[in-house]
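Structure first, then comments.
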Amino acid sequence: MDIYKKIEQKLVELGLAELNSRPYDCAHSVLECNASDQRLVVVGFNGSDADLEWTNLSAVQHGKANPLESNVINGAQGAWLSTTLPKRLLALPEELGFSSSSTVYTNAILLCSENAAAVKKKAKAVGFSGVDVLVDRSLDFFEQVTIAEFKPDLILAYSNSLNDLSAASVLRKRFAVGEIYQSNRSRYYNTFSFMSQIAGRRVPVVCIRHMSRFKPCVESIREAWDFQVKTNG
(Lines give C-alpha, C1' and ligand atoms only; values in the text may rest on other atoms or scores of the structure.)
Protein backbone atom coordinates (compact mmCIF):
# COMPACT_ATOMS: atom_id res chain seq x y z
CA MET A 1 0.00 0.00 0.00
CA ASP A 2 1.16 3.54 -0.78
CA ILE A 3 2.64 5.05 2.41
CA TYR A 4 0.48 8.17 2.17
CA LYS A 5 -2.68 6.13 1.69
CA LYS A 6 -1.82 4.03 4.73
CA ILE A 7 -1.10 7.12 6.86
CA GLU A 8 -4.32 8.83 5.81
CA GLN A 9 -6.47 5.73 6.30
CA LYS A 10 -5.01 5.06 9.75
CA LEU A 11 -5.52 8.67 10.87
CA VAL A 12 -9.18 8.48 9.86
CA GLU A 13 -9.65 5.03 11.41
CA LEU A 14 -8.22 6.19 14.75
CA GLY A 15 -10.17 9.45 14.86
CA LEU A 16 -7.01 11.55 14.61
CA ALA A 17 -7.37 12.99 11.11
CA GLU A 18 -9.04 16.29 12.02
CA LEU A 19 -7.06 17.06 15.18
CA ASN A 20 -4.75 20.08 15.00
CA SER A 21 -1.27 18.58 14.75
CA ARG A 22 1.36 17.24 12.35
CA PRO A 23 2.23 13.52 12.31
CA TYR A 24 5.71 14.18 10.92
CA ASP A 25 8.08 17.16 11.06
CA CYS A 26 10.62 15.68 8.66
CA ALA A 27 10.49 16.23 4.92
CA HIS A 28 7.93 13.77 3.63
CA SER A 29 10.46 12.49 1.08
CA VAL A 30 11.93 10.67 4.09
CA LEU A 31 8.72 8.64 4.33
CA GLU A 32 9.28 7.44 0.79
CA CYS A 33 12.81 6.12 1.44
CA ASN A 34 13.68 2.47 1.84
CA ALA A 35 13.13 1.27 5.40
CA SER A 36 16.85 0.48 5.65
CA ASP A 37 17.57 4.23 5.42
CA GLN A 38 15.11 5.27 8.13
CA ARG A 39 17.20 4.03 11.06
CA LEU A 40 16.33 6.70 13.64
CA VAL A 41 12.95 7.90 14.90
CA VAL A 42 13.00 11.03 17.08
CA VAL A 43 9.89 11.46 19.24
CA GLY A 44 8.71 14.59 21.01
CA PHE A 45 5.68 14.65 23.28
CA ASN A 46 3.13 16.61 21.22
CA GLY A 47 2.89 19.47 18.79
CA SER A 48 2.84 23.07 19.93
CA ASP A 49 0.26 25.73 19.15
CA ALA A 50 2.45 26.67 16.19
CA ASP A 51 0.75 23.72 14.46
CA LEU A 52 -2.79 25.05 14.93
CA GLU A 53 -3.05 25.86 11.23
CA TRP A 54 -2.77 22.15 10.39
CA THR A 55 -4.78 19.04 10.96
CA ASN A 56 -2.97 15.71 10.93
CA LEU A 57 -4.60 14.95 7.59
CA SER A 58 -3.96 18.32 5.94
CA ALA A 59 -0.31 18.28 7.11
CA VAL A 60 0.24 14.90 5.45
CA GLN A 61 -1.48 16.04 2.26
CA HIS A 62 0.71 19.17 2.22
CA GLY A 63 3.80 17.04 2.80
CA LYS A 64 2.86 14.72 -0.05
CA ALA A 65 2.52 17.70 -2.40
CA ASN A 66 5.75 19.31 -1.07
CA PRO A 67 7.95 16.31 -0.20
CA LEU A 68 11.20 18.25 0.15
CA GLU A 69 9.82 20.76 2.65
CA SER A 70 11.02 19.97 6.19
CA ASN A 71 9.30 21.52 9.19
CA VAL A 72 12.42 20.96 11.30
CA ILE A 73 14.59 22.80 8.78
CA ASN A 74 11.99 25.57 8.61
CA GLY A 75 12.22 25.78 12.40
CA ALA A 76 16.00 26.03 12.28
CA GLN A 77 15.55 29.00 9.94
CA GLY A 78 13.27 30.78 12.40
CA ALA A 79 9.74 29.46 11.77
CA TRP A 80 9.48 28.21 15.38
CA LEU A 81 10.72 31.59 16.72
CA SER A 82 13.43 30.05 18.92
CA THR A 83 15.86 28.01 16.83
CA THR A 84 17.36 26.05 19.75
CA LEU A 85 15.17 22.96 19.47
CA PRO A 86 15.17 22.50 15.69
CA LYS A 87 18.92 23.04 15.46
CA ARG A 88 19.48 20.37 18.11
CA LEU A 89 17.02 18.07 16.36
CA LEU A 90 19.10 18.37 13.19
CA ALA A 91 22.50 18.09 14.89
CA LEU A 92 21.92 15.14 17.21
CA PRO A 93 21.31 12.42 14.58
CA GLU A 94 24.58 13.35 12.87
CA GLU A 95 26.43 13.20 16.20
CA LEU A 96 25.04 9.69 16.77
CA GLY A 97 26.09 8.43 13.35
CA PHE A 98 22.76 8.79 11.55
CA SER A 99 21.67 11.22 8.85
CA SER A 100 19.25 13.99 9.76
CA SER A 101 17.99 13.91 6.16
CA SER A 102 16.62 10.38 6.67
CA THR A 103 15.53 10.72 10.30
CA VAL A 104 11.81 10.42 11.03
CA TYR A 105 10.69 13.23 13.36
CA THR A 106 7.33 12.67 15.03
CA ASN A 107 5.44 13.10 18.32
CA ALA A 108 4.00 10.57 20.75
CA ILE A 109 0.64 12.39 20.95
CA LEU A 110 -0.94 13.71 17.77
CA LEU A 111 -2.65 16.78 19.20
CA CYS A 112 -1.01 20.17 19.56
CA SER A 113 -1.42 22.19 22.74
CA GLU A 114 0.22 25.03 24.59
CA ASN A 115 2.17 22.59 26.79
CA ALA A 116 2.03 19.08 28.22
CA ALA A 117 -0.35 20.05 31.00
CA ALA A 118 -2.80 21.65 28.60
CA VAL A 119 -3.16 18.50 26.51
CA LYS A 120 -5.20 16.84 29.26
CA LYS A 121 -7.94 19.48 29.00
CA LYS A 122 -7.65 19.72 25.25
CA ALA A 123 -8.17 15.97 24.78
CA LYS A 124 -11.62 16.32 26.32
CA ALA A 125 -12.31 19.53 24.42
CA VAL A 126 -11.86 17.75 21.07
CA GLY A 127 -14.13 14.85 22.00
CA PHE A 128 -12.07 12.20 23.78
CA SER A 129 -13.36 10.89 27.12
CA GLY A 130 -9.92 11.57 28.58
CA VAL A 131 -6.28 11.99 27.69
CA ASP A 132 -5.62 8.25 28.05
CA VAL A 133 -7.82 7.56 25.02
CA LEU A 134 -5.91 10.15 22.99
CA VAL A 135 -2.60 8.61 24.08
CA ASP A 136 -3.76 5.11 23.13
CA ARG A 137 -4.96 6.21 19.69
CA SER A 138 -1.77 8.16 19.02
CA LEU A 139 0.42 5.24 20.05
CA ASP A 140 -1.66 2.92 17.88
CA PHE A 141 -0.65 5.15 14.97
CA PHE A 142 2.97 5.16 16.16
CA GLU A 143 3.03 1.36 16.29
CA GLN A 144 0.98 0.53 13.23
CA VAL A 145 2.47 3.11 10.89
CA THR A 146 5.69 4.77 12.11
CA ILE A 147 7.43 1.70 13.53
CA ALA A 148 5.79 -0.92 11.33
CA GLU A 149 6.72 0.96 8.16
CA PHE A 150 10.08 2.52 9.03
CA LYS A 151 11.64 -0.19 11.26
CA PRO A 152 14.20 1.98 13.11
CA ASP A 153 17.33 0.80 14.92
CA LEU A 154 16.78 3.41 17.65
CA ILE A 155 13.97 5.54 19.06
CA LEU A 156 15.09 8.76 20.73
CA ALA A 157 12.45 10.30 23.01
CA TYR A 158 12.97 13.87 24.18
CA SER A 159 10.95 14.85 27.26
CA ASN A 160 11.63 12.16 29.80
CA SER A 161 9.67 12.82 32.97
CA LEU A 162 8.32 9.59 34.42
CA ASN A 163 6.12 11.42 36.92
CA ASP A 164 3.78 12.94 34.33
CA LEU A 165 2.92 12.73 30.67
CA SER A 166 5.99 12.86 28.45
CA ALA A 167 7.31 11.12 25.35
CA ALA A 168 9.29 8.77 27.59
CA SER A 169 6.49 7.96 30.02
CA VAL A 170 3.86 7.07 27.44
CA LEU A 171 6.27 4.97 25.35
CA ARG A 172 7.50 3.15 28.45
CA LYS A 173 4.02 2.41 29.76
CA ARG A 174 2.85 1.01 26.42
CA PHE A 175 5.91 -0.70 24.97
CA ALA A 176 8.68 -1.30 27.54
CA VAL A 177 10.08 -4.75 28.16
CA GLY A 178 12.65 -5.04 30.95
CA GLU A 179 14.01 -2.43 33.31
CA ILE A 180 15.33 1.07 32.83
CA TYR A 181 19.08 1.63 32.49
CA GLN A 182 20.19 5.09 33.57
CA SER A 183 23.43 6.29 32.02
CA ASN A 184 23.39 9.82 33.44
CA ARG A 185 21.69 10.76 36.70
CA SER A 186 22.44 14.47 36.70
CA ARG A 187 19.44 16.76 36.73
CA TYR A 188 20.52 18.53 33.57
CA TYR A 189 21.68 15.57 31.46
CA ASN A 190 19.33 12.91 32.85
CA THR A 191 19.47 10.07 30.31
CA PHE A 192 18.05 6.56 30.45
CA SER A 193 16.94 3.76 28.16
CA PHE A 194 14.70 0.73 27.95
CA MET A 195 14.01 -1.95 25.37
CA SER A 196 10.65 -1.75 23.64
CA GLN A 197 8.55 -4.33 21.85
CA ILE A 198 6.67 -2.55 19.05
CA ALA A 199 5.02 -3.99 15.95
CA GLY A 200 6.74 -7.30 16.56
CA ARG A 201 10.20 -5.72 16.81
CA ARG A 202 12.52 -5.02 19.72
CA VAL A 203 13.78 -1.44 19.48
CA PRO A 204 15.97 0.40 22.04
CA VAL A 205 14.44 3.63 23.33
CA VAL A 206 16.77 6.29 24.75
CA CYS A 207 15.12 9.08 26.73
CA ILE A 208 16.58 12.55 27.25
CA ARG A 209 15.35 15.87 28.62
CA HIS A 210 13.47 18.24 26.32
CA MET A 211 15.96 19.74 23.90
CA SER A 212 14.27 23.13 23.83
CA ARG A 213 15.87 23.73 27.26
CA PHE A 214 18.51 21.03 27.76
CA LYS A 215 21.48 20.21 25.56
CA PRO A 216 21.74 16.42 25.18
CA CYS A 217 24.85 14.51 26.25
CA VAL A 218 25.89 12.39 23.27
CA GLU A 219 28.14 10.12 25.35
CA SER A 220 25.29 9.32 27.75
CA ILE A 221 22.96 8.58 24.86
CA ARG A 222 25.49 6.20 23.32
CA GLU A 223 26.01 4.43 26.64
CA ALA A 224 22.26 4.01 27.22
CA TRP A 225 21.76 2.77 23.65
CA ASP A 226 24.72 0.37 23.74
CA PHE A 227 23.51 -1.14 27.02
CA GLN A 228 20.16 -2.10 25.53
CA VAL A 229 21.69 -3.53 22.35
CA LYS A 230 24.21 -5.65 24.26
CA THR A 231 21.91 -6.70 27.09
CA ASN A 232 18.46 -6.98 25.53
CA GLY A 233 18.99 -6.90 21.78
Side-chain angles (χ1 to χ4, degrees), residues 20-26 40-54 70-98 100 103-123 131 134-135 138-139 142 146 152 154-173 176 180-194 196 204-225:
N20 292 117
S21 188
R22 307 172 63 109
Y24 301 106
D25 284 315
C26 51
L40 175 65
V41 171
V42 177
V43 187
F45 177 60
N46 72 317
S48 72
D49 280 350
D51 292 322
L52 285 174
E53 66 179 292
W54 301 104
S70 165
N71 194 37
V72 177
I73 291 177
N74 287 345
Q77 294 172 345
W80 299 2
L81 300 181
S82 171
T83 61
T84 300
L85 175 58
K87 285 182 177 180
R88 287 174 176 170
L89 286 170
L90 291 171
L92 188 54
E94 307 289 342
E95 293 172 326
L96 292 171
F98 299 101
S100 60
T103 295
V104 176
Y105 296 98
T106 187
N107 287 303
I109 294 182
L110 298 184
L111 176 66
C112 63
S113 67
E114 182 181 357
N115 51 46
V119 78
K120 298 177 183 179
K121 292 182 178 179
K122 194 165 184 181
V131 71
L134 171 63
V135 171
S138 297
L139 293 182
F142 182 74
T146 303
L154 175 66
I155 297 168
L156 185 65
Y158 65 98
S159 81
N160 66 1
S161 171
L162 293 180
N163 298 317
D164 202 351
L165 290 173
S166 71
S169 68
V170 299
L171 291 175
R172 179 173 178 255
K173 181 178 180 181
I180 282 177
Y181 173 77
Q182 193 152 15
S183 60
N184 195 319
R185 296 179 179 273
S186 76
R187 186 172 182 274
Y188 187 95
Y189 291 115
N190 182 27
T191 305
F192 59 85
S193 63
F194 56 84
S196 69
V205 180
V206 175
C207 307
I208 60 176
R209 301 205 70 180
H210 202 291
M211 289 189 287
S212 62
R213 295 179 57 202
F214 300 93
K215 183 178 180 180
C217 176
V218 174
E219 293 78 13
S220 297
I221 293 171
R222 287 188 180 279
E223 180 184 336
W225 177 20

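The OG1 atom of Thr103 sits 9.0 Å away from the CG atom of Leu92 when rounded to the nearest 0.5 Å. In this structure, CZ in Arg222 is found 13.0 Å from OG1 in Thr191, a value given to the nearest 0.5 Å. The CG atom of Leu171 lies 11.5 Å from the CG atom of Asn160; values are rounded to the nearest 0.5 Å. Rounding to the nearest 0.5 Å places SG of Cys217 at 9.0 Å from CD of Glu223. Separation of atoms CG (Asp51) and CG (Leu111) is listed at 10.5 Å; rounding is to 0.5 Å. In this structure, CG in Leu85 is found 5.5 Å from NE2 in His210, a value given to the nearest 0.5 Å.
Phe45 has its side chain within reach of Leu165: a pair of non-hydrogen atoms, C-beta onward, lies under 4.5 Å apart. Residues Leu89 and Tyr158 form a side-chain contact, since some pair of their non-hydrogen atoms from C-beta on lies under 4.5 Å apart. Side-chain contact between Lys120 and Asp164 is present, with at least one heavy-atom pair separated by less than 4.5 Å. Considering only heavy atoms from C-beta on, Pro204 comes within 4.5 Å of Leu154 through its side chain. Side-chain atoms of Glu95 and Ile221, non-hydrogen and from C-beta on, never get closer than 4.5 Å to each other.
A donor-acceptor pair is defined here as one N or O able to donate and one able to accept, closer than 3.5 Å; such a pair exists between the side chain of Glu94 and the backbone of Ser100. One N or O on the side chain of Asn20 and one on the backbone of Leu52 form a donor-acceptor pair closer than 3.5 Å.
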(message) Evaluate Thr84 against Met211 for side chain to side chain contact (heavy atoms under 4.5 Å, CB included), listing each step before the verdict.
(response) CA-CA 8 Å; Thr84 300; Met211 289 189 287; over 6 Å; no
(message) Could you walk me through whether Phe142 and Thr106 satisfy the side chain to side chain contact (heavy atoms under 4.5 Å, CB included) test, starting with their C-alpha distance in whole Å, then the side-chain angles of each, then the deciding distance to 0.1 Å, before giving a yes or no?
(response) CA-CA 9 Å; Phe142 182 74; Thr106 187; 4.2 Å; yes
(request) Could you please spell out the steps behind the side chain to side chain contact (heavy atoms under 4.5 Å, CB included) verdict for Ser193 and Val206? (result) CA-CA 4 Å; Ser193 63; Val206 175; 4.0 Å; yes
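Annotation for Val72 and Trp80: closest pair CA-CZ2, 4.0 Å, computed over non-hydrogen atoms. When all heavy atoms are compared, the tightest approach of Val104 to Cys26 is CA-SG, 4.0 Å. Residues Ser183 and Ala224 come closest through the heavy atom pair OG-CB, 3.5 Å. Residue Cys112 comes nearest to Ser48 through the heavy atom pair CB-O, 3.0 Å, listed as atom of the first residue, atom of the second, then distance. Heavy-atom minimum distance, Leu110 versus Asn107: CD2-O, 3.8 Å. Nearest heavy atoms, Arg88 versus Lys215: NH1-N, 3.4 Å.
Counting only N and O atoms by type, the side chains of Ser21 and Asn46 include no donor and acceptor under 3.5 Å apart. Between the side chains of Tyr105 and Ser70, not a single donor N or O lies within less than 3.5 Å of an accepting N or O. For the residue pair Asn163 / Ser161, no side-chain donor-acceptor distance below 3.5 Å is found, with atom types taken as modelled.
Contacts of Tyr189 classified as ring-ring contact (aromatic ring centres under 6.0 Å, His included), with partners at least two apart in sequence or in another chain: none. Applying the salt bridge (Lys or Arg N to Asp or Glu O under 4.0 Å) test to Arg209 and every residue at least two apart in sequence or in another chain returns nothing.
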